[in-house]
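Below: one structure, written as structure tokens.
Throughout, protein chains are lettered first and strands after them, A, B, ... in sequence-line order, and every chain is numbered starting at 1.
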Amino acid sequence: MVGIEEVRHLAYLARISIKDEELRLYAEQMDEILAYFNMLDELNVSDDVEPYRMCRAYNEMRDDVPVAFSDNVLSNAKNTKGRFIKAPKMSS
Amino acid sequence: MTKMSSDARVRIGLEIHCQLTALRSKLFCRCSADYRGKEPNTNVCPVCLGMPGTLPLLNRRAVEYAIMLALALNCKISKRITFYRKNYFYPDLPKNFQITQYNAYEHASVGVDGSLVLDDLNGSSKTIRIRRLQLEEDPGRLAYEGSIDTANYALVDYNRAGVALVEIVTEPDFDEPSEVRLFLNRLASILEHLGICNPALEGAVRCDANISIGEHARVEVKNINSFKDVERAVAFEITRQRSLASRGIEIRGETRHWDDARRITVQARMKEEEEDYRYFPEPDIPSIVVKEEDVEALRARMPELPYARVERFVKVYSLSSDTARILVNEKHLADLFEASTKYYDNARSIANWIVTDLKGYLERYASYDRNSKGDDGSSNSIFAKVTPRHIAELAMLVDSGKINRVTARQILQNVVASGMLPSAIVQGMDADMLSKKDELESIVNRVIEEERKAFMDALSNEKALNYLLGKVMRYSNGRADPKLALSMLKEKVADKSKGGK
Amino acid sequence: MVGTSRFALNAYELVNEIKNGSISVEDYIASMFERIRKMDERINAYITLNEHALEEARIVDKALKGYTEWKGYSNGNGNGNSSILLGVPLAVKDNISTQGIRTTCASKMLEDYVPVYDATVVKRLKDAGAIVIGKTNMDEFGMGSTTEFSAFGVTHNPWAYERVAGGSSGGSAAALASCMAGIALGSDTGGSVRCPASFCSIYGLKPTYGLLSRYGLISYANSLECIGLMARSVLDLALMLKVTAGSDMQNDHTSIDADTSLSLDPESISPDIKGMRFATIREVVESEGIDEPVRDSMLDAISSVEQLGAIVEEVSIPSLRYALASYYTIAMAEASSNLARYDGIRYGYTEEPDGVAWNEFYSTIRGNFGSEVKRRIMLGTYVLSSGYYGRYYMKAQKARALIRDDMLKVLKDYDAIMMPTMPILPPRIGERVSDPLRLYNIDVCTVLANLAGVPALSIPYSMYNGLPIGVQFMARHLDEPLLLRIAYALESARCDKVRRCII
Ligand SMILES: [Mg+2]
Ligand SMILES: [Zn+2]
């Protein structure tokens, strides 16, 4: 069961503000969905079933050759100070 | 809680981050690995900034370097190297997750279960176990206008974001702060010998330490920026914890920061709620399957490591193992030694000169710490001037009796200042002394004046003569030719005994 | 060529008209914009139109008149495919990066984000002469199956305005079905190309995982998603695949090289499927969730391929029962991590950070995700959190391995697996959004291909009361040519029965 406090904690971990009045709805919906996911628990897989890996292409790596990116990558940043990007300060 | 005796066993473990400074590009993108001294946010691209839709591109050489270091630290190399995401929010982390490695579900990191032997612990030796060695990306850097306490916001520079780091985690096998220092010096020497990391660069090697005494909680000390400070921070923390324990005060398991200005550890800001890193395999990076022959090929490519070099120095050059270790502990000294032997084939004399005179000089005059903050090695500028030929000549001049050690040390200073060859400097000094024979005469006279009693003793006692010679040497700042000065003193004594009779 | 019917031309026909001089690209693009202005009020397929499209059209026209040599206007090298899509208007789903054109993922979080680079697939299409006409609507970050979860409004089904176009690539499918584009790109994480293709009566191909570079596809669920191709004809799809397929080692190390195993020359696609063996899956056929008209259409499709000489047999794959749970667990886990980067610091929606505590800043900014995105991020956070990893994420990956193995076993004995694309007819707008789990259930037939990484194609097959119904085929890894052959056979046999465009 996902309780309201757990939803609050998940919202903290994900850094998403959720209004108090929405917490209950989220808790209910998540509960229902997780109950559905629980069917995975009944699935009997032995320990030696390797979890799925997407990568068929093993050992793909790149050479250590630097290439500078010429365009202004930070053209989308709005909070700037000189060439620095402004960010919130760590709370004390 | 139980009151612990303050001499309960101390356990210290280290977590060390080494930048692979020898790489040319970052770990997962093609930006330059050399971010130092660049304008903020000019060494970035869509990949290391985590722009939407970009994908990480693993640097092959970074993996090779990490495997080499793992081999040098006697680690087992994982058969399948896999990357994981460590999820947490921080403004210097462009994706708000760090691509790193994680061993909870499989042996995924480059190396595990290694060791490093400290074999010169005052005659005994000790093995420090390495728990794991992994590759991961460095975050960017935060700056503040004014101070962190007065600023209203942080300023982020992402130039460093994505630079390749090797993280080394030891078991808590250290008992003493001095062992920590020794370990770090050994590690630095290995990094230098492998040529994968220059520990002298600012921020290239960073260290966190965890310290516990007896059964008390473990304290993590972060933010230690130099090797010297690691030793200091650990020593401080042991004293602090012992003092708490002896007074029966609970030691809290917490994270503390090293304040290098005040030389104390201070409590880190508390997190509002506990983090949960939610590790899971990075789906955008294919795993690396490491075959036995790949590892052997890399091993074959590895340069000579410190241990082997010490052994060779003992065998080939007949050095004592202590001398050999001191040389090898700082690769540039060992290199200087070997190169110098090509100009003068008295290895022990050269080694001795480097270990006793040059090293001492460096430590005194360059306030030399290879991992000190903001210091790209003032020693480097010295090494630009002091070449193997300089060292060989100095050793040769001393051995042949042309100059004494004190003079040779002065010549070293002159070499550092001028870059001139010692033989040329000696020639200049000889000329200088000749023209100032009068000066030596006056020094000798002054010593005889001041040391009347010793002079009279010298009429019957050889030892008093040596005492007078020492005075002459001191008054001449060591520039006097001791043979000449001695013969002058003997002359005076002889005159006196003749005249006095 | 005159009249509105020219908008209904297939891409390969349009390229011929352009190359023989009967259509000027500039005129064509300009009149396409006219059409969009008139029709898109009601459909809402586009979020952003490309301001530079006419400029780019003029470059193509110049090259055609021989003034310049065509090298692709994105100054790429044109990988031997240059000019095979010359002048064709391309609609691009708004989660695919387009340099200089706003790319929002239909999210407030990226409402003004303008990428500095083109996705590899976009670049390849541009080099082949295609002209990006605009960016299409979708469910926010691809999270949905109806294009109702968009910060830019719902996309309406061109065949029935009161119904959804499907999703999450609903805008691309609707643009094609209403002839507001010649070809289109979508993305397919659990059916997001095939679902709207089926609801809008066009072709939608989810390629083999890795065959198309994901560079520039804004991540939702990395290990499941692909850029998908959408078109009104099989030959158009083949042309697009020829241009876009193949490894991209410069940018995407999970991409794969398939130059040797794919022969995609449109002329070589034969309509012959005689002797092919197709499997239907009992668990799907017998599922209660399948609407009657869809079941009837499926039975009809089976008899159609049998008439063309194929053999159809029913098999059982019990592990499919776990497909949706496995799919959603993995997708949400990956999403929770992928979407962490939207924090208002480097790009996207933001507020002034001065004096704001950091956690509060993050939470406030990120509170602007839509409700479905928030739900999935939090569920993903949950299944990855310590203590739950083994129970959900790890189990889901193991289930996925079983499902893939079972499907590949079937594909050893059969050339393709055949099933409906969607178990239901296009729902009315608003009908499904309030119940997340019921909404997730409609992906039951499509997620299989994403879990196994195999290619799948939705083919427009029939109409029921004016509503399109598609049929879907899945094949072995890299067997896209086989899927195209099946589609071509059905297209040739049924060309008078299925409409794929509204004029
Ligand atoms: Mg680390
Ligand atoms: Zn970069």
Of the backbone (N, CA, C, O) and the side chain (C-beta and beyond), which part of [X] lies under 4.5 Å from a heavy atom of chain A, both, or neither?
X: C:L402; result: side chain
X: C:Y349; result: backbone
X: C:D252; result: neither
X: C:A399; result: both
X: C:V356; result: backbone
X: C:S371; result: both
X: C:R375; result: both
X: C:S336; result: neither
X: C:Y382; result: both
X: C:D112; result: both

- Please lay out, stage by stage, how A:S75 and C:V114 fare under the test side chain to side chain contact (heavy atoms under 4.5 Å, CB included). CA-CA 8 Å; A:S75 52; C:V114 179; over 6 Å; no
- May I ask you to check whether over 12 heavy atoms, not counting those of A:E22, lie within 6.0 Å of atom CD?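 Result for CD/A:E22: enclosed.
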Leading residue by heavy atom contact count with chain A [cutoff under 4.5 Å; candidates [options]]:
options: C:G367, C:A325, C:S363; result: C:S363
options: C:T364, C:L437, C:V383; result: C:L437
options: C:F369, C:Y393, C:Y347; result: C:Y347

- Item | Salt-bridge criterion met for A:E42 and C:R321 (N-O under 4.0 Å) | yes
- Electrostatic pair A:D41:C:K395 at N-O distance under 4.0 angstrom: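 Counted as a salt bridge, because a side-chain N and a carboxylate O are separated by less than 4.0 Å.
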Give, as side chain, backbone, both or neither, the part of [X] having an atom under 4.5 angstrom from any heavy atom of chain C.
X: A:L40; value: both
X: A:D71; value: side chain
X: A:E50; value: backbone
X: A:L34; value: both
X: A:Q29; value: side chain
X: A:Y26; value: side chain

- Straight-line distance of A:F37 CZ to C:Y322 OH, nearest 0.5 Å: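 The OH atom of C:Y322 is 15.0 Å from CZ of A:F37, to the nearest 0.5 Å.
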- Query: How long is the span from the CG atom in C:N251 to the CZ atom in A:R62, to the nearest 0.5 Å?
  - Reply: 11.5 Å
- Query: Most heavy-atom pairs under 4.5 angstrom with chain C, which of A:I18, A:L10, A:L43, A:V2?
  - Reply: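 That would be A:L43.
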[X] versus [Y]: any side-chain heavy-atom pair under 4.5 Å?
X: C:D343; Y: A:R15; value: no
X: A:Y36; Y: C:L324; value: yes
X: C:Y362; Y: A:I16; value: no
X: C:K398; Y: A:Y52; value: no

Looking only at atom types and distance, does a side-chain atom of [X] sit under 3.5 Å from a main-chain N or O of [Y], one as donor and one as acceptor?
X: C:R366; Y: A:S17; value: no
X: A:K78; Y: C:G348; value: yes
X: A:N79; Y: C:E351; value: yes

Grab the two heavy atoms, one from [X] and one from [Y], that are nearest each other, plus how far apart they are.
X: A:I85; Y: C:I345; result: CG2-O, 3.5 Å
X: A:A87; Y: C:P353; result: C-CB, 3.8 Å
X: C:Q397; Y: A:P51; result: CB-CB, 3.7 Å
X: C:M249; Y: A:E60; result: SD-OE1, 3.6 Å

- Distance-only polar pair, side chains of C:Y392 and A:N38, donor-acceptor under 3.5 Å: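 A donor-acceptor contact under 3.5 Å links the two side chains.
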- Flag for C:R346-A:N76: side-chain donor and acceptor within less than 3.5 Å: no
